[in-house]
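Structure, as structure tokens:
Sequence lines set the chain letters: A, B, ... in the order given, protein chains first and strands last, and positions in each chain run from 1.
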2 protein chains.
Amino acid sequence: MRADARKNRDHLLAVAGAAIAEQGVDASMRDIARRADVGLATLLRHYPTREALLEALLRASFDELTVKAGELETSSSPADALVSWLRDCVTWTTEYRGVTELMAAAIEDTESALHTSCVTLRAAGARLLSRAQEAGAARTDMDGTDLFALVAALAWLGDQPSLAPRADHLFGFVASALLTDAAITGSGETPRQG
Amino acid sequence: MRADARKNRDHLLAVAGAAIAEQGVDASMRDIARRADVGLATLLRHYPTREALLEALLRASFDELTVKAGELETSSSPADALVSWLRDCVTWTTEYRGVTELMAAAIEDTESALHTSCVTLRAAGARLLSRAQEAGAARTDMDGTDLFALVAALAWLGDQPSLAPRADHLFGFVASALLTDAAITGSGETPRQG
DNA sequence: ACCTGAACACCGTTCAAGT
DNA sequence: ACCTGAACACCGTTCAAGT
């Protein structure tokens with residue numbers, strides 16, 4: 001790639017990041033190009049679709065979350081690892097309004113530029129869930145796809161101005177429903193009789 | 001209203017219902033007018049906004065759900081009434097893809113044509129929740145707004161092709177988390193000591 | 001090798017002009 | 001009283017022509 005092209009590309013990504021942080025993932029591509037003082041066609045040659053642009057923009061965050069999941073597997077109790085990773089995921093998505101819907105579409109669209117990242121993320125969550133289930137800390141009637149859906153739904157709530165104030169509370173509701181009583185009362189105690 | 005205008009209006013609503021059932025609430029207004037063999041400006045004079053059109057389209061369903069809530073209050077146990085009404089709400093929203101997002105926006109926008117209907121719906125849910133809470137059948141850390149948000153989130157899941165297959169399962173997950181153990185093991189037993 | 005203006009087919013909004 | 005064509009300011013896609 002030529003030096004001027006590389007510079008254009010980096011500049012575009014920075015401008016796109018700002019625009020999308022402000023206006024959400026539906027920010028106009030034309031507007032992003034305008035802000036970057038570049039023709040719309042130039043933006044589209046670097047990033048042929050909105051998803052390709054987002055993939056470049058979110059790659060670092062995706063990687064971080066995946067690495068974090070691996071770290072939590074060794075550093076925290078199964079229940080704590082699961083819940084704190086879920087919280088990280090939900091918190092992260094609130095940075096880019098509307099990204100959840102795109103991710104839900106991408107996870108079953110193998111053509112999407114976001115597909116692989118989403119599948120990897122789901123797998124990371126599934127591992128943490130399995131670990132918690134094997135420890136008797138999480139319900140056994142859930143799998144990685146259920147978990148992905150729950151995170152997506154909670155993130156979606158955070159995107160809706162009228163519902164966002166309850167997003168934290170409902171995260172707690174969902175998280176505690178996901179865990180078993182044994183995990184909630186603490187791993188040191190014996191589960192109480194039902 | 002003149003007879004020809006009335007006829008136009010009814011015809012527009014029927015056509016809009018079909019288009020929106022097919023394509024979701026984002027169906028092009030221009031396309032709806034085209035299908036109805038009417039100028040776009042005519043559609044917009046009858047229904048000045050997308051929300052006004054949907055309000056006319058959904059009014060009957062809104063009323064039904066509100067009436068249903070009242071009936072369930074006398075015909076069913078507090079827990080059953082709450083859960084079966086929630087299921088009705090979620091099932092209903094799946095008929096019109098995207099309606100949940102519009103409703104979430106409308107409930108805090110007093111200018112929206114859908115505002116009153118959404119507020120009424122939330123109040124009906126809040127009554128069923130209170131009744132269940134007073135009977136010791138539902139968690140007491142939830143209110144009508146939380147309930148509205150949960151229904152919205154579950155309905156949103158049903159709108160996403162990749163997540164829809166889990167929507168029923170996750171409805172059960174949320175519903176059972178909403179109820180107390182006492183309500184789940186049956187209303188004939190005394191709540192256990194916590 | 002890289003960039004871009006311009007044409008295209010859409011969208012919802014608005015209003016002057018028609019019946 | 002009711003309807004509508006047309007102008008407007010947008011959108012993303014595509015490609016021939018320029019540097």
Taking B:Asp143's backbone N and O only, do any of them form a donor-acceptor pair with B:Asp146's side chain (distance below 3.5 Å, no angle check)?
yes
D:dC2 phosphate, OP1 or OP2: any side-chain N/O from B:His46 under 4.0 angstrom?
no
Stems in DNA chain C: runs of 3 or more consecutive Watson-Crick or G-U pairs, distances under 3.5 Å?
C:4-8 with D:12-16, C:12-16 with D:4-8
Donor-acceptor pair, side chain of B:Gln133 and main chain of B:Met142, under 3.5 angstrom:
yes
Report the distance from atom CZ of A:Phe171 to atom CG of A:Leu157, rounding to the nearest 0.5 Å.
12.5 Å
Backbone N or O of A:Ser117 within a donor-acceptor pair of the A:Arg59 side chain at under 3.5 Å?
no
Could you state the NZ-C1' distance from A:Lys7 to C:dC3, rounded to the nearest angstrom?
15 Å
Has A:Trp85 got a side-chain atom pairing as donor or acceptor with A:Leu65's backbone, closer than 3.5 angstrom?
yes
So which atom in A:Thr100 and which in A:Trp156 form the shortest heavy-atom distance, rounded to 0.1 Å?
OG1-N, 4.2 Å
Rounded to whole Å, CG of B:Leu43 lies from P of D:dT4 at a distance of 11 Å
B:Asp37 CG to D:dG5 C1', in whole Å, measures 16 Å
Do other residues, nucleotides or ligands put more than 12 heavy atoms under 6.0 Å from A:Arg131 CZ?
yes
What integer distance in Å separates B:Asn8:CG from D:dA1:C1'?
13 Å
Return a single string for nucleotides 8-19 of chain C, one symbol per nucleotide in 5' to 3' order, where B is base contact, S is sugar-phosphate-only contact and - is none, cutoff 4.0 angstrom on heavy atoms.
---BBBBB----
Just how far, in rounded Å, is C1' of C:dC2 from NE2 of A:His11?
17 Å
Test side chain to side chain donor-acceptor pair (under 3.5 Å) applied to B:Glu22 - qualifying residues, sequence neighbours left out:
B:Arg35
